[in-house]
Number of protein chains: 2
Amino acid sequence: MTSSDRSSASDGEGLIDALVQAAFATMAVLNKVAADGDLSLTQLRVLAILRDRRLGTTALADYLGLEKSTMSGLVERAEKRGLLQRAQDASDGRAVEISLSSRGKKLTERLYVQVEGSLNPMTSALSPPERQRLRVLLERMLGGSDRREGG
Amino acid sequence: MTSSDRSSASDGEGLIDALVQAAFATMAVLNKVAADGDLSLTQLRVLAILRDRRLGTTALADYLGLEKSTMSGLVERAEKRGLLQRAQDASDGRAVEISLSSRGKKLTERLYVQVEGSLNPMTSALSPPERQRLRVLLERMLGGSDRREGG
DNA sequence: TATTGTTATACTCTATAACTATA
DNA sequence: TATAGTTATAGAGTATAACAATA
């Protein structure tokens with residue numbers, strides 16, 4: 001870091017520290033919720049993405065930023081556990097449609113509630129108006145447009 | 001979620017969504033920086049923690065929330081790559097002192113700069129006063145006290 | 001030829017259990 | 001007995017490369 005950095009010397013650096021810490025704290029909570037449901041964080045994300053979508057292997061891999069071969073393994077293990085299923089795509093003989101099973105749906109809804117409950121202690125450090133302001137700032141930073149993981 | 005949730009129905013839920021999205025966005029950047037340096041995110045964290053500390057296997061594992069056996073492997077591989085070294089603790093025959101090598105130090109500093117540079121596009125969506133406010137809110141949420149990863 | 005998906009292979013990350021050496 | 005650390009083992013996550021089937 002040199003002082004030539006544009007407007008990020010004093011507040012930018014601190015912000016980045018805070019963002020990284022908040023990210024680790026949040027991921028730790030998500031990890032714990034996933035682990036309590038006997039899932040990895042990646043599996044939790046797979047369920048969250050499939051919450052209201054049916055996708056092919058490649059599309060799902062793209063959502064997660066993973067290789068399709070990695071995706072095959074993840075889906076395989078989740079399917080073996082009865083959380084989702086693969087079905088042939090009627091309009092494309094090569095493609096599959098991956099979707100949550102009813103058991104997977106139930107689990108996903110339960111995990112959502114747990115995520116909210118587990119993150120509440122953290123957000124409760126702020127007053128309601130502060131929470132509101134934080135939400136607005138984060139949404140603004142993230143681009144405002146709608147592209148969240150779970151729906 | 002029911003409407004009986006205390007003061008978290010309208011803004012709390014949205015905030016949690018925003019926090020999770022911000023966490024994933026931040027982790028994606030950290031992951032990419034790590035991968036560019038041929039490291040896993042965990043290895044990046046190890047380097048960050050050792051940036052200004054010398055620690056034993058157990059202490060390091062506690063920082064990361066991992067088992068000490070996991071730590072042994074991580075340290076072993078990092079040592080093999082010349083990023084850190086283990087030395088006998090003079091005052092305790094069982095313990096080791098893990099510290100960055102000069103190569104590890106250089107790499108860590110470089111990665112720090114890259115993390116800042118890589119997160120800047122995201123934070124630049126906000127104006128300087130907004131960044132300042134976001135930082136304050138995040139720090140407040142995280143507890144205010146000083147317990148960041150890298151120093 | 002390009003795309004969709006899987007399989008084979010290899011490596012890292014991770015935990016549990018058993019172990020050695022020191023305290 | 002308790003603590004610090006390693007090793008053995010097993011399984012999940014990940015990428016690369018090679019492959020089959022379909023478009």
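All values below come from the heavy atoms of this structure, side chains included, with hydrogens, waters and symmetry mates left out. Throughout, protein chains are lettered first and strands after them, A, B, ... in sequence-line order, and every chain is numbered starting at 1.
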**Q** Between dT16(D) and S69(A), counting only base atoms on the nucleotide and side-chain atoms on the residue, is there a donor-acceptor pair under 3.5 Å?
**A**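 Flag set: donor-acceptor pair detected.
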**Q** Hey, could you give me each pair passing salt bridge (charged side-chain N to carboxylate O under 4.0 Å, His left out) that has a residue in residues 83-101 of chain B? Not counting sequence neighbours.
**A**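 Listed by first then second residue: R54(B)-E97(B), E76(B)-R86(B), E79(B)-R86(B), D92(B)-R94(B).
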**Q** Base, sugar-phosphate or nothing for T58(B)? Non-hydrogen atoms, less than 4.0 Å.
**A**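 Sugar-phosphate, backbone atoms only, no base.
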**Q** Is there a path of hydrophobic side-chain contacts, each under 4.5 Å between heavy atoms of I, L, V, M, F, W or Y residues, that connects V29(B) with M122(B)?
**A**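 Yes: a chain of side-chain contacts under 4.5 Å links V29(B) to M122(B).
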**Q** Using heavy atoms to find the nearest nucleotide of DNA chain D for V96(B) and G73(A) separately, return the residue whose nucleotide is more 5′.
**A**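 The 5'-side residue here is V96(B).
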**Q** Within this structure, what is the CG-OG distance for the pair L107(A) and S101(A), rounded to the nearest 0.5 Å?
**A**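 Nearest 0.5 Å value for the CG-OG distance: 9.0 Å.
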**Q** Whole-Å distance between dG13(D) P and M27(A) CE?
**A**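 After rounding, the reported distance stands at 14 Å.
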**Q** OP1 or OP2 of dC13(C) less than 4.0 angstrom from a side-chain nitrogen or oxygen of R77(B), does that happen here?
**A**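 True: R77(B) side-chain N/O within range (under 4.0 Å) of dC13(C) OP1/OP2.
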**Q** Please pick, from dT4(C), dT14(C), dG13(D), the nucleotide with the shortest atom-to-atom distance to any side-chain atom of A95(A).
**A**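 Nucleotide nearest to A95(A)'s side chain: dT4(C).
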**Q** Just how far, in rounded Å, is C1' of dG5(D) from CE of M71(B)?
**A**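 After rounding, the gap between these two atoms is 12 Å.
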**Q** Rounded to the nearest angstrom, tell me the gap between atom CG in D38(A) and atom C1' in dA12(D).
**A**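 After rounding, the reported distance stands at 12 Å.
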**Q** On DNA chain D, compare the nucleotides closest to A59(B) and S40(A); which residue's is nearer the 5' end?
**A**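 Here A59(B) is the residue nearer the 5' end.
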**Q** Checking all strands, does S72(B) fall into the base, sugar-phosphate, or nothing category for heavy-atom contacts under 4.0 angstrom?
**A**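 If one applies the 4.0 Å heavy-atom cut-off, S72(B) turns out to touch a base.
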**Q** How long is the straight-line distance from CG of L134(A) back to CD of E139(A), given to the nearest 0.5 Å?
**A**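 E139(A) atom CD to L134(A) atom CG measures 9.5 Å (nearest 0.5 Å).
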**Q** Write down the distance between CG (D89(A)) and P (dT4(C)), rounded to a whole number of angstrom.
**A**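 Interatomic distance, CG of D89(A) to P of dT4(C): 11 Å.
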**Q** Looking across every strand, which nucleic acid part, if any, lies under 4.0 Å from T57(B) by heavy atom: base, sugar-phosphate, or nothing?
**A**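 Answer is sugar-phosphate: T57(B) comes under 4.0 Å of backbone atoms only.
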**Q** Looking only at side-chain atoms of L74(B), point me to the closest of dT14(D), dT4(C), dC13(C).
**A**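 Comparing dT14(D), dT4(C), dC13(C) against the side chain of L74(B), the answer is dC13(C).
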**Q** Nearest 0.5 Å please: distance from the CG atom of L137(A) over to the CZ atom of R135(B).
**A**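 Output value for this atom pair is 13.5 Å.
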**Q** Nearest to the side chain of T70(B) - dA23(C), dT14(C), dG5(C)?
**A**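 That would be dT14(C).
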**Q** According to a strict under-4.0 Å criterion, is R86(B) in side-chain N/O contact with OP1 or OP2 of dT6(D)?
**A**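 Affirmative; the distance criterion is met.
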**Q** Rounded to whole angstrom units, what separation is found between the NZ atom of K68(A) and the C1' atom of dG13(D)?
**A**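 In whole Å, dG13(D) C1' lies 18 Å from K68(A) NZ.
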**Q** Rounded to the nearest Å, what distance is computed from the CD atom of residue Q88(A) to the P atom of nucleotide dA23(D)?
**A**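 Spelled out: CD on Q88(A) to P on dA23(D) is 10 Å.
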**Q** How close or far is atom P of dT6(C) from atom NZ of K80(A), stated in whole angstroms?
**A**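 It works out to 13 Å between those atoms.
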**Q** Nearest whole Å is fine: how far is dG5(C) P from D92(A) CG?
**A**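 Between P of dG5(C) and CG of D92(A): 8 Å.
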**Q** Which nucleotide in the list dT12(C), dA15(D), dA4(D) gets nearest to the side chain of R94(B)?
**A**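 Within the option list, the nearest is dA4(D).
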